[in-house]
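One structure is given here, and the rest of the page talks about it.
Heavy-atom basis, side chains included; hydrogens, waters and symmetry copies ignored. Throughout, numbering of the chain's residues begins at 1 and tracks the sequence. What you see is a predicted model; the values in this text were computed from it and never measured.
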Amino acid sequence: MAWVVLFLAGLFEIGWAVGLKYTNGFTRLWPSVFTAASMVVSLGLLGVALRTLPLGTAYAVWTGVGAVGTVVLGIVLFDEPATASRLACAGLIVAGIVGLKLFAPA
């Protein structure tokens with residue numbers, strides 16, 4: 001269950017990272033509220049996952065999910081380049097996440 005909570009925390013990290021783009025430097029109210037709420041939920045869920053998962057593993061997976069998701073949404077929402085090298089690097093992050101999950105201490 002901790003892994004599911006950690007994955008949800010990563011999804012909320014994507015939410016606040018993308019939300020930052022929409023806040024226009026925190027000058028727009030509702031995007032700013034959404035972004036702040038996503039930050040709080042993301043960190044709260046990370047804290048719950050850390051009750052049972054190792055810190056280094058959980059933090060790396062949390063940031064990895066957020067990083068890969070933000071890259072994908074940057075491509076989809078903001079027309080950022082989807083070059084082979086960018087996608088390969090994101091793939092390496094995914095491989096690292098999978099490896100950390102597979103080899104995490106029980």
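Between atom CH2 of residue Trp3 and atom NZ of residue Lys101 there is a gap of 5.5 Å, rounded to the nearest 0.5 Å. Between Leu92 atom CG and Ile97 atom CD1 the span is 11.0 Å, to the nearest 0.5 Å. Leu6 contributes atom CG, which lies 10.0 Å from atom CD of Glu13 (distance to the nearest 0.5 angstrom).
Sorted by first and then second residue, the pairs that involve residues 53-75 and meet side chain to side chain donor-acceptor pair (under 3.5 Å), not counting sequence neighbours, are Ser42-Trp62.
For the residue pair Leu50 and Ala58, the shortest heavy atom distance occurs at CD2-CB, 3.5 Å. When all heavy atoms are compared, the tightest approach of Ala2 to Thr52 is CB-OG1, 3.1 Å. In terms of heavy-atom proximity, Ile93 sits nearest to Ala67 at CD1-CB, 4.5 Å. The minimum heavy-atom distance linking Ala49 with Val5 is given by the pair N-CG1, 4.1 Å. What you find for Ala9 and Leu45 is that their closest heavy atoms are CB-CB, 3.6 Å.
Cluster membership check: Phe26 does not share its hydrophobic cluster with Trp30, using side-chain heavy-atom separations under 4.5 Å among Ile, Leu, Val, Met, Phe, Trp and Tyr. If you chain together hydrophobic residues whose side chains sit under 4.5 Å apart, Val41 and Leu20 never meet in one group. Val33 and Tyr22 sit in two unconnected hydrophobic clusters of ILVMFWY residues. Membership requires side-chain heavy atoms under 4.5 Å apart, directly or through other members. Linking Ile, Leu, Val, Met, Phe, Trp and Tyr residues whenever their side-chain heavy atoms come within less than 4.5 Å places Leu11 and Leu53 in a single cluster. Leu73 and Phe34 are not part of a single hydrophobic cluster, where members link through side-chain heavy atoms under 4.5 Å apart.
Screening Thr35, Leu43, Thr23 for a side-chain contact (heavy atoms from CB on, under 4.5 Å) involving Trp16 leaves a single residue, Thr35.
The other residues sharing a hydrophobic cluster with Leu87 are Val71, Ile75, where clustering joins ILVMFWY side chains under 4.5 Å apart.
Between Phe7 and Phe12, the gap from one ring centroid to the other reaches at least 6.0 Å.
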